[in-house]
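Working notes, beginning with the structure itself.
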Amino acid sequence: MSIEKDLLSWFLLNKRDLPWRKKRTPYKIWVSEIMLQQTQVATVIPYYERFLNAFPNLESLANADINKLMKIWEGLGYYTRVKNMQEAAKTILQKHNGVFPSKKTELLQLKGIGDYTAAIIASIAFKEHCAAVDGNVLRVISRLNAINAPIQLNTTKQTIRIVAQELLSLEHPGEFNEAMMEVGALICKPKNPTCDICPISLHCQAYKKGLEHKLPVKLKRAEIPHYHIAAGVIYKDDFVLIALRPANGLLGNLWEFPGGKQQQGESLEDCCKREIFEETGLHVNVLEKLISVKHAYTHFKITLHAYRCNYISGSPEPRASQALKWVRIEDLTSYAFPKANKKIIEKLQLAQFPTTLTLF
DNA sequence: ATCCAGGACG
DNA sequence: CGTCCTGGAT
């Protein structure tokens, strides 16, 4: 039997029942694929449902308020994805008369759509004959052909893309692409691949040679730096101050408590006071530490130390942010924050309970 | 605690 | 080629 037949018949019986595999439209496929970039299926599912409820079509997405968009995306990570989606939605409305582009080359012109996403949309929604190569497919094919070159290298990826395009089913390109990824997700996993139940193990060079645990070859990552960040929860009566981060760059368009990196030889308290003045122009007293939160990004990790502060003087000027705002603790949930900041907020809201309870 | 998985873009 | 995030496995 051919790889194509083995793969497609397996897929028919074994594919997962996922929300974005029901009544498909180009718009919904697009939404799911953007969310699934660098993000696991289980994480995406609740976001997918909420997003489609809030923004059921291109018009609602194109016209959405950015803060509402960010709130829906809050916690999903890689926040430029949703900003790019809104731009792409506007482009489709303005340059394609609101009709979703059907060619891979057109899709590639849209913000946030790269080679993989263009190929998967074109092949599923419009049956274009193009292979969609994501991380799963890179791994599956590196084993299938026993490719013994580091998977991160562009030359290796190019080789694999060519193989993927040659393997691709003529009649069912979309299903074939999905089936390859499904095998990668369910069977041909990074660790402990279950070759005994793999539909294409008889075609697999790595399996034949007993190399399935050695492939794909990976280069080791460089060491990443660790920073300590001090942030202030600045109280003024019943309000605390939050800052809206710049639209571009790390955690763009998300809110946070003002703060920043600790410098050489500086105490965390001094750092907190300094950063608050630099970013807001406010003078504060730094009181007790509320919580320390560890968080790892791709190319560095942080420990975020949150301090309770008291407002002394000055009027807030957004010197390093788009905006500053005094809000009540109970209203913090209306704003989109990064994960590390959410943990501070949880702590604050827990701390509210005892004061409330003493009223009884 | 540490490592790993997962696409697009300037 | 460095920058973007979080969750899950080990």
Side-chain angles (χ1 to χ4, degrees), chain A residues 29-47 70 72-88 91 104 107-122 130-140 142 150-158 160-161 164 177 180-182 184-186 188-193 213 215-227 229 245-256 292-304 336-343:
Chain A
I29 296 169
W30 174 53
V31 170
S32 69
E33 289 299 338
I34 299 296
M35 287 188 168
L36 287 163
Q37 287 170 3
Q38 308 296 93
T39 312
Q40 299 179 353
V41 165
T43 308
V44 167
I45 290 174
Y47 283 90
M70 298 312 293
I72 295 272
W73 208 267
E74 181 186 39
L76 199 50
Y78 291 104
Y79 295 93
T80 54
R81 288 185 291 177
V82 68
K83 194 161 145 272
N84 287 339
M85 282 184 86
Q86 186 171 44
E87 277 197 55
T91 304
K104 183 183 170 188
L107 291 163
L108 277 170
Q109 303 304 311
L110 297 171
K111 269 276 169 82
I113 295 189
D115 195 81
Y116 161 76
T117 308
I120 198 68
I121 295 173
C130 48
V133 180
D134 74 339
N136 288 302
V137 177
L138 287 175
R139 184 173 60 254
V140 170
S142 88
I151 197 85
Q152 296 100 320
L153 300 182
N154 275 324
T155 52
T156 313
K157 290 182 186 170
Q158 258 322 104
I160 291 178
R161 288 203 188 92
N177 281 332
M180 286 287 281
M181 293 188 284
E182 199 79 342
L186 300 180
C188 196
K189 292 174 289 186
K191 292 186 178 167
N192 308 319
H213 294 280
L215 296 176
V217 174
K218 297 207 130 185
L219 298 170
K220 264 198 289 186
R221 265 199 302 216
E223 288 275 307
I224 60 174
H226 185 164
Y227 304 119
I229 310 284
R245 293 179 61 92
N248 299 306
L250 184 73
L251 306 169
N253 282 325
L254 291 178
W255 293 85
E256 67 176 2
S292 289
V293 179
K294 289 180 192 301
H295 203 73
Y297 298 89
T298 313
H299 48 294
F300 62 91
K301 47 191 165 185
I302 65 165
T303 307
L304 175 60
F337 285 85
K339 275 283 166 176
N341 272 257
K342 292 289 278 188
K343 293 184 183 163

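Just so we're clear, the structure is a prediction, and the values are computed from it rather than from any experiment. Naming: A, B, ... by sequence-line order, numbering from 1 per chain.
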Open item on the list: For Arg139(A), give me all partners under salt bridge (Lys or Arg N to Asp or Glu O under 4.0 Å), at least two apart in sequence or on another chain.
Closed with: none
Open item on the list: Are there over 12 heavy-atom neighbours, none belonging to Lys189(A), within less than 6.0 Å of that residue's NZ?
Closed with: yes
Open item on the list: Students should find this one: the first and last nucleotides of DNA chain B, 5' to 3', lying under 4.0 Å from a heavy atom of chain A. What are they?
Closed with: dC4(B) to dG10(B)
- [ ] Grab the CG-P distance between Asn154(A) and dG2(C) for me, whole Å please.
- [x] 12 Å
Open item on the list: Quick check for you: to the nearest 0.5 Å, what is the distance between Asn136(A) atom CG and Asp134(A) atom CG?
Closed with: 4.5 Å
Task: Main-chain N/O of Leu110(A) paired to Asn84(A) side chain as donor or acceptor, under 3.5 Å - done: no
Task: Closest-nucleotide ordering on DNA chain B, the 5'-leading residue of Thr39(A) and Leu108(A) - done: Thr39(A)
Open item on the list: Tell me the closest heavy-atom pair linking Tyr78(A) and Gln38(A), and the distance in Å.
Closed with: CE1-CB, 3.7 Å
Open item on the list: Once salt bridge (Lys or Arg N to Asp or Glu O under 4.0 Å) is applied, do any residues pair with Glu33(A), and if so which ones, sequence neighbours excluded?
Closed with: none
Task: Lys301(A) NZ - dG7(C) P separation (whole Å) - done: 18 Å
Open item on the list: Given Ile34(A), which partner from the list Thr39(A), Ile121(A), Thr117(A) fulfils the side-chain contact (heavy atoms from CB on, under 4.5 Å) test?
Closed with: Thr117(A)
Open item on the list: If you assign Asn192(A) and Thr43(A) each to the DNA chain C nucleotide with the nearest heavy atom, which residue ends up on the more 5' nucleotide?
Closed with: Thr43(A)
- [ ] Look at the side chain of Arg245(A) and the backbone N and O of Leu250(A), then say whether any donor-acceptor pair between them is shorter than 3.5 Å.
- [x] yes
Open item on the list: Whole angstroms only, please: what is the CG-C1' distance between Leu36(A) and dC5(C)?
Closed with: 15 Å
Task: Between dC5(C) (P) and Lys343(A) (NZ): distance, integer Å - done: 16 Å
TODO: Quickly work out the Lys342(A) NZ to dG7(C) P distance and round it to whole Å.
DONE: 11 Å
Task: Minimum heavy-atom distance between His299(A) and Pro225(A), given as atom pair plus value - done: O-CD, 3.3 Å
TODO: Mind running a 4.0 Å heavy-atom check of residues 112-120 of chain A against DNA chain B and sending the residues that fall below it, in number order?
DONE: Gly112(A), Ile113(A), Gly114(A), Asp115(A), Tyr116(A), Thr117(A)
Open item on the list: Can you measure Asn84(A) atom CG to dT3(C) atom P for me and round it to whole angstrom units?
Closed with: 19 Å
TODO: State, with a plain yes or no, whether a side-chain heavy atom of Leu76(A) is found less than 4.5 Å away from one of Met35(A).
DONE: yes
- [ ] In whole angstrom, give the distance that lies between atom NE2 of His299(A) and atom P of dT3(C).
- [x] 5 Å
- [ ] For Leu186(A), enumerate each residue passing the side-chain contact (heavy atoms from CB on, under 4.5 Å) test, keeping only those at least two apart in sequence or located in another chain.
- [x] Trp10(A), Arg16(A), Glu182(A)
TODO: Taking only the side-chain nitrogens and oxygens of His295(A), find out if one of them lies under 4.0 Å from OP1 or OP2 of dC5(C).
DONE: no
Open item on the list: Using a 4.0 Å cut-off on heavy atoms, which residues in residues 72-83 of chain A reach DNA chain B? List them by number, or say none.
Closed with: Tyr78(A)
Task: Whole-Å gap separating C1' (dG2(C)) and CD (Gln152(A)) - done: 15 Å
